[in-house]
S.K.: 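A single structure is presented below for examination.
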There are 2 protein chains.
Amino acid sequence: MDRRILLLGLLRMQEMHGYQLNDFIDRRLDFVTDLKKPTAYYILDKLCKDGYVREATEQAGNRPERKVYYITPEGEECFQTLLRQNLATFEQAYYADDLGLVFMHSLAPQEVRTALEKKVVQIKREIAQLEELPAHNGPNDPVRLVLKHKIAHLQVDLEWINSLSRMLADRETWDDEPTNGTIDECLQVGDISNYQVKEFVQSYTRNK
Amino acid sequence: MDRRILLLGLLRMQEMHGYQLNDFIDRRLDFVTDLKKPTAYYILDKLCKDGYVREATEQAGNRPERKVYYITPEGEECFQTLLRQNLATFEQAYYADDLGLVFMHSLAPQEVRTALEKKVVQIKREIAQLEELPAHNGPNDPVRLVLKHKIAHLQVDLEWINSLSRMLADRETWDDEPTNGTIDECLQVGDISNYQVKEFVQSYTRNK
DNA sequence: GATGGTATAATCAAACTTGACTAGTCAGGC
DNA sequence: GCCTGACTAGTCAAGTTTGATTATACCATC
């Protein structure tokens with residue numbers, strides 16, 4: 001996830017100092033990325049070293065001095081390359097929330113269900129907030145398009161959790177599931193290492 | 001994204017050595033997480049230090065010795081806490097692919113379209129691969145449920161890109177868009193810092 | 001004119017992540 | 001009997017990320 005594209009893309013529009021960049025990302029691009037301030041400064045430094053960005057110190061009023069970042073021609077070229085690459089290749093996304101669900105069977109079905117209810121509330125709130133975000137430049141504002149993408153994902157999340165909830169609703173235990181410890185089953189059946197299988201087979205034949 | 005839950009959850013089912021853990025994650029949980037080997041070992045070490053996991057060295061055949069990890073009662077408790085928390089709270093997901101689209105206007109519409117076509121091919125291939133994954137334990141195998149979740153997201157991605165493509169199809173330039181540089185517009189209109197606004201107002205009034 | 005709160009601007013140490021590497025084992029071909 | 005390639009098992013240095021902190025400026029109000 002190359003976040004240089006974000007910084008270069010913004011500096012391309014307008015030279016900025018670090019605070020300004022971070023402030024803009026926090027306020028407007030909050031839902032696209034989780035780039036934190038120190039990381040942004042780190043990446044800016046790297047961009048400077050690579051010659052993609054130039055920095056100049058500036059004094060405004062009697063404020064402490066600050067660094068203003070400008071994109072260079074090489075930076076512009078780098079941005080174009082990164083952008084083409086970003087548009088043309090699919091990058092996997094991972095969902096931290098799904099990690100827990102893999103181990104759902106460790107808790108009683110009803111407890112899973114009540115926990116998921118809480119998550120649902122938060123997702124709904126999130127969707128509502130995203131839908132309220134102002135449109136700056138008509139319906140084809142790219143930021144707005146990305147926003148719609150995100151909302152669509154969240155709606156899938158809601159539907160998915162709801163269907164899961166229905167499955168859990170009339171269930172007190174996991175007893176009727178084919179395997180109680182699914183992962184366990186996998187491990188024991190299909191996922192012993194080649195080496196261990198062979199070792200086992202050998203010891204088995206020897207004992208015969 | 002607390003990946004301890006993953007390691008504890010697996011060790012809970014069966015004690016394992018590091019290679020076994022990593023191998024299982026690589027083969028079966030590949031689509032849920034991108035946990036890499038050295039990170040897994042790092043986290044295992046930390047879990048040991050915190051007393052959630054115990055390690056013992058073991059010798060199998062005349063293989064080099066290896067460390068076997070067992071979950072402790074404290075580890076089990078930690079796992080339960082993490083799991084409850086994971087199920088009950090919504091964790092934001094971010095899409096690296098959306099980062100580029102924010103800057104779509106930097107490239108000609110037709111170029112954006114052809115780039116996105118390539119991404120579409122990759123997403124379709126990814127969906128096909130995920131759909132082929134074997135079902136181990138009936139339709140309610142949690143891993144399978146998570147898989148479905150992921151596929152649903154990918155299908156949303158496809159639809160979304162397609163609708164974007166249709167918008168791009170009959171367009172040679174961005175000229176008819178309300179603003180050429182959307183971000184720029186945002187920056188200049190609404191996103192100057194409080195301090196800068198005040199500074200500007202002050203200098204303006206002084207000059208009067 | 002002291003005080004507390006927010007905004008501005010950035011840095012640092014500590015934690016986390018990863019690509020590249022080490023080092024031994026085993027099976028099969030020649 | 002030796003070589004190659006794949007498997008087993010893990011480590012390390014270098015790179016990345018972040019929570020906490022520093023430090024000054026401005027403003028309200030007491």
Side-chain angles (χ1 to χ4, degrees), chain A residues 1-7 15-27 33-50 53 55-69 92 94 96 191-203, chain B residues 1-7 15-27 33-50 53 55-69 92 94 96 191-203:
Chain A
M1 179 171 8
D2 201 328
R3 280 115 139 227
R4 285 180 302 172
I5 205 172
L6 179 59
L7 298 179
E15 80 269 9
M16 284 190 264
H17 54 268
Y19 188 85
Q20 214 174 352
L21 264 169
N22 283 303
D23 199 51
F24 184 75
I25 292 169
D26 276 1
R27 292 204 234 172
T33 184
D34 59 345
L35 188 69
K36 308 267 192 320
K37 262 187 296 183
T39 311
Y41 282 111
Y42 173 79
I43 297 176
L44 283 171
D45 274 0
K46 217 174 33 140
L47 287 171
C48 280
K49 268 187 225 151
D50 294 343
V53 155
E55 66 177 32
T57 53
E58 183 203 75
Q59 189 96 33
N62 56 346
R63 288 247 151 216
E65 64 172 23
R66 62 193 178 189
K67 286 178 205 148
V68 184
Y69 300 90
Q92 286 284 355
Y94 297 98
D191 285 81
I192 301 172
S193 66
N194 282 348
Y195 169 61
Q196 290 186 330
V197 171
K198 284 165 203 158
E199 206 174 48
F200 174 76
V201 171
Q202 273 165 23
S203 77
Chain B
M1 179 171 7
D2 201 329
R3 281 115 138 228
R4 286 181 302 173
I5 205 172
L6 179 59
L7 298 178
E15 78 271 9
M16 282 190 267
H17 55 268
Y19 187 85
Q20 214 174 354
L21 265 169
N22 282 301
D23 198 50
F24 184 76
I25 292 170
D26 276 0
R27 292 204 234 172
T33 184
D34 58 346
L35 188 68
K36 308 266 193 321
K37 256 188 307 176
T39 312
Y41 282 111
Y42 175 79
I43 298 176
L44 282 171
D45 273 1
K46 215 175 34 140
L47 287 171
C48 279
K49 268 188 223 147
D50 294 343
V53 155
E55 66 178 30
T57 52
E58 183 202 73
Q59 189 94 34
N62 56 346
R63 288 240 148 223
E65 65 173 21
R66 62 195 179 188
K67 287 177 204 151
V68 182
Y69 299 91
Q92 286 283 356
Y94 298 98
D191 285 80
I192 301 172
S193 66
N194 282 348
Y195 169 60
Q196 290 186 328
V197 171
K198 283 165 202 157
E199 206 174 47
F200 174 77
V201 170
Q202 273 166 24
S203 75

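All figures in this text were calculated on a predicted structure; none of them were measured in a lab. Hydrogens, waters and symmetry mates are skipped; everything else that's a heavy atom, side chains included, is used. Every chain is numbered from 1, with letters handed out A, B, ... down the list of sequences.
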S.K.: Using every non-hydrogen atom in the two residues, find where A:His17 and A:Lys67 come nearest and quote the distance to one decimal.
M.R.: CB-O, 2.9 Å
S.K.: A:Asp50: what forms a salt bridge (charged side-chain N to carboxylate O under 4.0 Å, His left out) with it, not counting sequence neighbours?
M.R.: none
S.K.: Of all residues at least two apart in sequence or in a different chain, which pass the side chain to side chain donor-acceptor pair (under 3.5 Å) check with B:Gln92?
M.R.: A:Glu126, A:Lys150
S.K.: Just how far, in rounded Å, is C1' of C:dT8 from CG of A:Asn22?
M.R.: 12 Å
S.K.: Mind checking the CG-CD1 spacing from A:Leu6 to A:Ile25? Nearest 0.5 Å is all I need.
M.R.: 4.5 Å
S.K.: Starting at atom OH of A:Tyr19, determine the distance to atom P of D:dT22, rounded to an integer number of angstrom.
M.R.: 19 Å
S.K.: Does B:Arg3 have a side-chain nitrogen or oxygen under 4.0 Å from the phosphate oxygens OP1 or OP2 of C:dT17?
M.R.: yes
S.K.: At what angle, to 10 degrees, do the two end axes of the helix from C:dG1-D:dC30 to C:dC30-D:dG1 meet, given five pairs define each axis?
M.R.: 0°
S.K.: Considering just the side-chain nitrogens and oxygens of B:Lys67, establish if one lies under 4.0 Å of OP1 or OP2 belonging to D:dT11.
M.R.: yes
S.K.: Could you state the CD-P distance from B:Gln20 to D:dT8, rounded to the nearest angstrom?
M.R.: 10 Å
S.K.: Below 3.5 Å, can you tabulate the donor-acceptor pairs from side chains in residues 33-44 of chain B to any protein atom, sequence neighbours excluded?
M.R.:
| residue | atom | partner | partner atom | Å |
| --- | --- | --- | --- | --- |
| B:Thr33 | OG1 | B:Leu35 | N | 3.3 |
| B:Asp34 | OD1 | B:Arg3 | NH2 | 3.0 |
| B:Lys36 | NZ | B:Asp34 | O | 3.3 |
| B:Tyr41 | OH | B:Tyr19 | N | 3.4 |

S.K.: Can you tell me the distance, in whole Å, between the CG atom of A:Leu21 and the C1' atom of C:dT8?
M.R.: 14 Å
S.K.: For the side chain of A:His17, counting heavy atoms from C-beta on, which of C:dA10, C:dG19, D:dG10 is nearest?
M.R.: C:dA10
S.K.: Given C:dG24, is OP1 or OP2 found less than 4.0 Å from the side-chain N or O atoms of B:Arg66?
M.R.: no
S.K.: Taking the side chain of A:Lys36 as its heavy atoms from C-beta onward, which of D:dG19, C:dT8, C:dT18 lies nearest to it?
M.R.: D:dG19
S.K.: Grab the two heavy atoms, one from A:Tyr69 and one from A:Gly18, that are nearest each other, plus how far apart they are.
M.R.: CE1-N, 3.8 Å
S.K.: Working to the nearest 0.5 angstrom, can you tell me the gap between B:Glu15 CD and B:Glu58 CD?
M.R.: 8.5 Å
S.K.: Rounded to the nearest Å, what distance is computed from the CD1 atom of residue A:Ile25 to the P atom of nucleotide C:dA9?
M.R.: 15 Å
S.K.: Just how far, in rounded Å, is C1' of C:dT25 from CD of B:Glu65?
M.R.: 15 Å
S.K.: Scan residues 37-50 of chain B against DNA chain D and write down, sorted by residue number, each residue with any heavy atom closer than 4.0 Å; if none is found, say none.
M.R.: B:Lys37, B:Pro38, B:Tyr41
S.K.: By side-chain contact (heavy atoms from CB on, under 4.5 Å), which residues pair with A:Asp45, not counting sequence neighbours?
M.R.: A:Glu55
S.K.: Expressed as a whole number of angstroms, how long is the span from B:Leu35:CG to C:dC16:C1'?
M.R.: 12 Å
S.K.: According to salt bridge (charged side-chain N to carboxylate O under 4.0 Å, His left out), who are the partners of A:Asp26, at least two apart in sequence or on a separate chain?
M.R.: none
S.K.: Round to a whole Å and report the spacing from CZ of A:Phe24 to P of C:dT8.
M.R.: 15 Å
